Q: 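Here's a structure for you.
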Amino acid sequence: MAETGKNTDLAADLLLRGKLVAIPTETVYGLAANALNETAVLSIFEAKQRPFFDPLIIHVPDLEAAKKYAHFHDERVLKLAQTFWPGPLTLLLPKKEIIPSLVTSGLQQVAVRVPDHPLTLELLQKINIPLAAPSANPFGYVSPTEPAHVNKQLGDKIDYILDGGISAVGLESTIVGIEDTVVCVFRLGGLALETIEKVVGKVELRINNSSDPKAPGQLKNHYAPKKPLFVGNTKELLKEHSGKKVSLICFGEEATSKNITDVFNLSKTKNLNEAALNLFKYLRLADDSGSEIVLCELLPAQGLGLAINDRLRRAASK
Ligand code: TXA
Ligand code: MG
């Protein structure tokens, strides 16, 4: 188990010495290392068992700091940064020389974000270096939204967990960049499409749904619990899987059936933000319960519902 606490001085000291520290963000917990120290960055890949072709997001305290590591040539991305940082938005930007290519998996663009969490912002201001941080889970598994999730799976591989409580959004950041002069969304996430479009107009979805390993965050089988997970319409799912002990993750109405061993309601009042907040926690609880399989209702395809369904479909894809 890793030491857990709210000591940003200790966290800063460890990070400056090349160690790994789990950090809270409003989206999910990150597994952080000094992005300018290649040996430290290497240990992130080792701890997560993550392939090197999957690039990392760097975390900075504000837009001024981001400009030290990436170019903001396009005024639309600048506007997005000004509007939504700190917040669940990652920008893909042309990288500056100082960022090691290990961080970007050799790509010319670096993913940058300013997380909206007071402890982590305090830490970032203290250390004055960018932190490379993927979600703090073993590669392919569900992302962590509280310190206990991190400790359970990676506790023996990291030096400290900065305890910032439960992540307020619960879904990873939305990834946006410019491709062919068009504003594109490469990963749906905690900042809704509709919200982004209010600032820069219509955006294009370029979400990779293949099993092509070029962008593993976008791999079809990702964010997955260990048990078989099936997603769709609850009634139909229950009919199809009537012979199995089932954990049911639902949204609003709660179905009943003899073979249901536990029910997790993402939001009794059908609030999509509340559902986002509960999603990963419930996937973990369902995975750890006595059921044989997990069934999950797909949500209305609007607001954060789009990103939630994206995660669920990937998690269910085997
Ligand atoms: O909310 C989040 O974004 C969380 C917190 C910790 O900040 N981080 C996170 O990181 O979700 P991770 O590594 O689990 O997912 C980041 C994904 C990668 O899998 C990759 O698809 C994409 O971001 N990415 C990162 N750098 C990229 C780059 N240079 N070009 C293209 N895609 C990139
Ligand atoms: Mg991840």
Side-chain angles (χ1 to χ4, degrees), residues 25-31 48 50 54 57 88-90 111 113 134-146 149-150 153 166-176 185-196 205-213 215-234 237 247-252 264-267 270-288 293-318:
T25 86
E26 80 285 24
T27 60
V28 300
Y29 272 72
L31 180 60
K48 273 192 66 122
R50 177 177 173 122
D54 192 3
I57 297 173
L89 169 74
T90 292
R113 90 179 192 95
S135 52
N137 50 278
F139 183 69
Y141 194 69
V142 181
S143 296
T145 51
E146 46 189 280
H149 296 167
V150 182
Q153 290 181 306
I166 294 171
S167 297
V169 175
L171 276 181
E172 299 85 351
S173 59
T174 304
I175 303 182
V176 177
V185 168
F186 297 99
R187 177 176 73 180
L188 293 164
L191 186 65
L193 276 188
E194 298 90 325
T195 314
I196 295 172
L205 280 185
R206 299 220 174 149
I207 313 246
N208 186 353
N209 281 314
S210 70
S211 27
D212 177 354
Q218 301 305 327
L219 275 184
K220 226 171 156 198
N221 177 14
H222 214 79
Y223 309 103
K226 297 186 191 83
K227 275 182 200 168
L229 166 74
F230 301 91
V231 302
N233 171 276
T234 301
L237 289 171
S247 287
L248 179 68
I249 305 181
C250 59
F251 182 64
F264 304 95
N265 200 333
L266 289 170
S267 170
K270 295 199 168 201
N271 177 315
L272 289 167
N273 296 345
E274 187 186 10
L277 189 64
N278 288 326
L279 179 70
F280 289 149
K281 181 171 76 185
Y282 288 172
L283 280 173
R284 282 170 183 266
L285 288 173
D287 208 14
D288 292 342
I293 60 171
V294 185
L295 305 183
C296 186
E297 177 88 19
L298 285 172
L299 274 52
Q302 64 190 58
L304 294 192
L306 282 174
I308 295 171
N309 288 347
D310 168 87
R311 299 298 186 278
L312 284 172
R313 289 203 175 95
R314 288 175 204 281
S317 161
K318 280 274 144 58

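Predicted, not measured: the structure shown is a model, and the values here were computed from it.
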Q: How many angstroms lie between CG in Asn273 and CG in Leu304, if you round to the nearest 0.5 Å?
A: 5.0 Å

Q: First locate atom CG of Asp287, then atom NZ of Lys227, and finally report the distance between them rounded to the nearest 0.5 Å.
A: 6.0 Å

Q: Please find the pair of heavy atoms, one from Ser173 and one from Leu89, that lie closest to each other, and give the distance.
A: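 Ser173 and Leu89 have their closest heavy atoms at CB-N, 4.0 Å.
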
Q: Please give me the minimum heavy-atom distance between Ala136 and Pro144, naming the atom from each residue.
A: O-CG, 3.3 Å

Q: Rounded to the nearest 0.5 Å, how far does CG of Asn309 lie from CG of Leu188?
A: 9.5 Å

Q: Please examine the side chains of Leu312 and Ile249, heavy atoms only from C-beta on, and report whether any two atoms are closer than 4.5 Å.
A: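 No, their side chains stay 4.5 Å or more apart.
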
Q: Within the structure provided, determine whether Pro88 and Leu171 are in side-chain contact (heavy-atom separation under 4.5 Å).
A: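 Pro88 does not reach Leu171 side chain to side chain.
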
Q: Check whether any side-chain heavy atom of Glu146 sits under 4.5 Å from a side-chain heavy atom of Arg284, and report yes or no.
A: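 Counting from C-beta outward, Glu146 and Arg284 never come under 4.5 Å.
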
Q: What residues, two or more places apart in sequence or in another chain, satisfy side-chain contact (heavy atoms from CB on, under 4.5 Å) together with Lys270?
A: Phe251, Glu253

Q: Using modelled atom types and a 3.5 Å cut-off, is there a donor and acceptor pairing between side-chain atoms of Asn265 and backbone atoms of Gly252?
A: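 Yes, Asn265 side chain to Gly252 backbone: donor-acceptor pair under 3.5 Å.
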
Q: Is the backbone N or O of Gly170 less than 3.5 Å from a side-chain atom of Thr145, with the two atoms forming a donor-acceptor pair by type?
A: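 Looks like no, no N/O pair under 3.5 Å.
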
Q: For Pro300 and Leu272, which heavy atoms make the closest approach, and how far apart are they?
A: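 What the structure gives for the nearest pair is CD-CD2, 4.2 Å.
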
Q: If I take atom CG from residue Leu248 and atom CD from residue Glu297, how far apart are they, to the nearest 0.5 angstrom?
A: 8.0 Å

Q: Using every non-hydrogen atom in the two residues, find where Leu229 and Cys296 come nearest and quote the distance to one decimal.
A: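 Here Leu229 and Cys296 meet closest at CD1-CB, 4.1 Å.
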
Q: Looking at every non-hydrogen atom in both residues, tell me the closest pair between Pro225 and Ala315 and how far apart they are.
A: CD-CB, 4.0 Å

Q: To the nearest 0.5 Å, tell me how far Lys48 NZ sits from Asn137 CG.
A: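 The NZ atom of Lys48 sits 4.0 Å away from the CG atom of Asn137.
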
Q: Give the intermediate values and the outcome of side chain to side chain contact (heavy atoms under 4.5 Å, CB included) for residues Leu193 and Leu205.
A: CA-CA 9 Å; Leu193 276 188; Leu205 280 185; 4.0 Å; yes

Q: Without swapping roles, check the side chain of Lys226 against the backbone of Tyr141 for a donor-acceptor pair under 3.5 Å.
A: no

Q: Any heavy-atom pair between the side chains of Leu299 and Leu266 that's under 4.5 Å?
A: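 The answer is yes; the side chains approach within 4.5 Å.
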
Q: Could you tell me how the ring of His222 sits relative to the ring of Phe139: parallel (under 30°), tilted (30 to 60°) or perpendicular (over 60°)?
A: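 It falls in the perpendicular class, over 60°.
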
Q: Return the CZ to CG distance between Phe264 and Leu279, rounded to the nearest 0.5 Å.
A: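 Phe264 CZ to Leu279 CG: 12.0 Å, rounded to 0.5 Å.
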
Q: Could you walk me through whether Glu172 and Ser143 pass side chain to side chain donor-acceptor pair (under 3.5 Å), step by step?
A: CA-CA 8 Å; Glu172 299 85 351; Ser143 296; 2.5 Å; yes

Q: Check this for me: does any side-chain nitrogen of one of Arg113 and Glu26 sit under 4.0 Å from a carboxylate oxygen of the other?
A: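 Yes, Arg113 and Glu26 are salt-bridged.
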
Q: Given side chains that start at C-beta, do those of Asn278 and Lys281 come closer than 4.5 Å, heavy atoms only?
A: yes

Q: So, Ser167 side chain and Thr25 main chain: donor-acceptor pair closer than 3.5 Å or not?
A: yes

